Amino acid sequence: MKTLPESYLLFREELKKAQLEKEKLKQEYEEKLQEVNRELSRLKEQIQSQQDMMRTTLDYASNLEKMLCEYQGQIKQAQELSKKSFF
């Protein structure tokens with residue numbers, strides 16, 4: 001059996017190194033992608049919480065506005081009644 005040329009052996013060794021480097025880069029990429037996905041998930045959760053807080057705040061403000069309008073109406077009625085009672 002013939003011995004393989006040295007250039008072929010060098011090429012095969014370089015090919016193995018390149019494949020190992022490719023696998024290493026793939027692993028690093030997947031780890032970074034997982035990290036980015038975790039961060040994205042955390043940010044989505046924070047945004048959802050902020051939206052819920054804003055909805056609650058708007059509901060509370062709307063209720064306060066309704067109550068204020070009701071109180072203003074009651075005050076006007078009380079003022080009108082008090083004016084009528086003097087005459």
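All values derive from a computational prediction rather than experimental measurement.
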Q: If you measure from CG on L20 to CG on L15, what distance do you get to the nearest 0.5 Å?
A: 9.5 Å

Q: Does atom CD of E45 have more than 12 heavy-atom neighbours, drawn from other residues, nucleotides or ligands, at distances under 6.0 Å?
A: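 12 or below, so no.
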
Q: Once rounded to the nearest 0.5 Å, what's the spacing between atom CE of M53 and atom CD of Q51?
A: 11.0 Å

Q: Do the non-hydrogen side-chain atoms of L25 and K22 ever get within less than 4.5 Å of each other?
A: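 Not in contact.
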
Q: Stepwise, does the side chain to side chain contact (heavy atoms under 4.5 Å, CB included) test hold for R55 with D52?
A: CA-CA 5 Å; R55 270 191 219 103; D52 290 343; 2.7 Å; yes

Q: Give, for atom CE of M54 and atom CD of Q50, the distance between the pair rounded to the nearest 0.5 Å.
A: 8.5 Å

Q: Could you measure the distance from the CZ atom of R42 to the CD1 atom of I47? Nearest 0.5 Å is fine.
A: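 Spacing of CZ (R42) from CD1 (I47) equals 10.5 Å.
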
Q: In this structure, which one of N63, L64, T57 forms a side-chain contact (heavy atoms from CB on, under 4.5 Å) with Y60?
A: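 Answer to the side-chain contact (heavy atoms from CB on, under 4.5 Å) test with Y60 among N63, L64, T57: L64.
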
Q: OG/S7 to CZ/R12 distance, rounded to the nearest 0.5 angstrom?
A: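 Reported value, rounded in 0.5 Å steps: 12.0 Å.
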
Q: Taking only residues at least two apart or on different chains, which pairs with a member in residues 26-38 satisfy side-chain hydrogen bond (donor to acceptor under 3.5 Å, both in side chains)?
A: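 Listed once each, the pairs are Q27-E31.
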
Q: Does CD belonging to Q48 count more than 12 external heavy atoms closer than 6.0 Å?
A: yes

Q: Would you compute the distance between atom CD of E65 and atom CE of M67 and round it to the nearest 0.5 angstrom?
A: 12.5 Å

Q: Restricting to side-chain contact (heavy atoms from CB on, under 4.5 Å), what partner residues turn up for E13, sequence neighbours left out?
A: K17

